[in-house]
Amino acid sequence: MGFFSKLKEGLRKTKEAIAYRLNKLFTGGVLTDEFYDELEETLLTSDIGAETTDTVMERLKKEIDKQHVRDTAKVRQILKDILVELLEENAQPEYEYPLVIMLSGVNGVGKTTAIGKLAKKFKKAGKSVTVAAADTFRAAASDQLTVWAERAGVRLIKHAEGADPAAVVFDAAQSVKSKGGDVLLIDTAGRLHNKKNLMEELKKIARVAQRELPDAAIYNYIVLDATTGQNAVSQVEIFNEAIDIDGIILTKLDGTAKGGVVLAIAGELNVPVVYVGVGEGIDDLEDFDAKDFVNGIMGE
């Protein structure tokens, strides 16, 4: 199954929540205040968020005036173009190697699974991949990561439970340098945003990676569970204060009707969604594509 097919299926619940209401609006009637009110309500109740909804509605009205549109059927494509534009404003730059990606986030969002899927993705692209098991707090974390690393066929650096996570990253960086590796993926422990010591630990891990691999392109990604909807936005804000989030991996997109949160994240936080999880398999982490996403929630 190709990416768009996977994404389309993964967004089925979101589409059911949004597209039906939009299709009723875009039936070829005359543009009225009631039309705009219903459209705004549909966006607001689709986890797109108030701020992003305001932005979208403002751009939409300007474009409708500019194109002298009078028919609601023609508004559909204009809205799609605006949503794509919004998502592409903070596009992820092309990777340069060596590359370091550190994953953080709250407990239970699927960080370790995302690391395993990323490892497979880079390995499939012909890259030499090393994984640092820097979640040394959760008893089963390194065991779980060991399974994923074996499945992906990549190198894993781990220490005993309770070890200093920064020491794991230091050793992993030495391994990358000595073996001329392309990609270092760092798994970190799940943490609550109000645990200051854990946030400081993230900063320390990031500093070690920067110091030991000064020539590497380093990205801090937060892993978010799409089923949390608007709560995902506040998680990004808090983690961003600690380590400057460069991108988002959105998991469990296939299990929720709250996929509209992707637009809230792009509109309010100016942080790109880089990857989306659309299934349980090791190959079910896909590069995010704005056009495919918008087509997935609104139809082609």
Side-chain angles (χ1 to χ4, degrees), residues 95 98-123 127-176 181-193 195 197-210 212-213 216-225 235-236 239 242-252 274-277 280 282-285:
Y95 286 138
L99 170 70
V100 178
I101 297 176
M102 179 172 81
L103 264 58
S104 59
V106 301
N107 291 304
V109 291
K111 283 186 306 303
T112 303
T113 300
I115 284 269
K117 292 179 179 182
L118 269 181
K120 177 68 185 294
K121 195 172 185 63
F122 282 115
K123 181 75 185 291
K127 303 299 178 186
S128 168
V129 181
T130 302
V131 174
D135 178 356
T136 59
F137 291 102
R138 192 163 57 91
S142 65
D143 292 341
Q144 188 184 356
L145 201 55
T146 298
V147 172
W148 279 107
E150 287 173 354
R151 286 177 67 189
V154 301
R155 187 183 307 116
L156 175 68
I157 306 298
K158 62 180 179 177
H159 287 188
E161 184 184 335
D164 180 3
V168 179
V169 174
F170 177 86
D171 285 355
Q174 304 316 305
S175 177
V176 169
D182 301 309
V183 181
L184 172 60
L185 302 175
I186 303 171
D187 185 25
T188 65
R191 59 204 69 221
L192 296 171
H193 53 77
K195 297 288 186 183
N197 60 324
L198 290 175
M199 285 301 188
E200 290 300 318
E201 181 188 274
L202 277 184
K203 294 179 186 177
K204 183 180 176 184
I205 291 170
R207 285 197 302 271
V208 169
Q210 288 161 357
E212 298 305 318
L213 295 167
I218 299 178
Y219 292 93
N220 294 323
Y221 290 164
I222 185 171
V223 181
L224 300 173
D225 180 339
Q235 287 175 28
V236 179
F239 276 80
I243 53 167
D244 291 329
I245 296 297
D246 300 303
I248 289 160
I249 297 177
L250 197 64
T251 64
K252 307 176 190 177
V274 185
Y275 299 106
V276 288
E280 297 296 325
I282 196 168
D283 295 312
D284 290 334
L285 188 74

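Heads up: numbering here begins at 1 and tracks the sequence.
Contact annotation: the side chain of Val169 never approaches that of Asp171 to less than 4.5 Å [non-hydrogen atoms, C-beta and beyond]. Inter-residue side-chain proximity for Val183 and Leu118 is flagged as unmet; no heavy-atom pair is nearer than 4.5 Å.
Ring planes of Tyr219 and Tyr95: perpendicular class, angle over 60° (limits at 30 and 60°).
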In residues 147-155, what donor-acceptor pairs under 3.5 Å come from side-chain atoms, sequence neighbours left out?
residue	atom	partner	partner atom	Å
Arg155	NH1	Thr130	OG1	2.7

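Here Phe137 pairs with nothing under the ring pair (Phe, Tyr, Trp, His ring centres under 6.0 Å) rule; sequence neighbours left out. A search for side-chain hydrogen bond (donor to acceptor under 3.5 Å, both in side chains) contacts involving Lys203 returns Glu200, not counting sequence neighbours. Residues satisfying the salt bridge (charged side-chain N to carboxylate O under 4.0 Å, His left out) test with Lys158, not counting sequence neighbours, are none. Applying the salt bridge (charged side-chain N to carboxylate O under 4.0 Å, His left out) rule to Asp164 yields the partners Lys204; only residues at least two apart in sequence or on another chain are considered. With sequence neighbours excluded, no residue satisfies side-chain hydrogen bond (donor to acceptor under 3.5 Å, both in side chains) with Asp182. Residues satisfying the side chain to side chain contact (heavy atoms under 4.5 Å, CB included) test with Asp225, not counting sequence neighbours, are Val109, Thr227, Thr228, Thr251, Lys252. Residues passing the salt bridge (charged side-chain N to carboxylate O under 4.0 Å, His left out) test with Lys127, sequence neighbours excluded: none. For Tyr275, the ring pair (Phe, Tyr, Trp, His ring centres under 6.0 Å) test picks out no residue, with sequence neighbours left out. With sequence neighbours excluded, the residues that form a side-chain hydrogen bond (donor to acceptor under 3.5 Å, both in side chains) with Gln144 are Arg138.
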Practice item. Before giving the answer on side-chain contact (heavy atoms from CB on, under 4.5 Å), spell out for Ile218 and Met102 the whole-Å C-alpha distance, their side-chain angles and the decisive distance to 0.1 Å. Key: CA-CA 8 Å; Ile218 299 178; Met102 179 172 81; over 6 Å; no
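Nearest heavy atom pair, residue Ile222 against residue Gly105, reads CG1-CA, 4.1 Å. Of all non-hydrogen atoms in Leu156 and Ala133, the two that sit nearest each other are CD1-CB, 4.1 Å.
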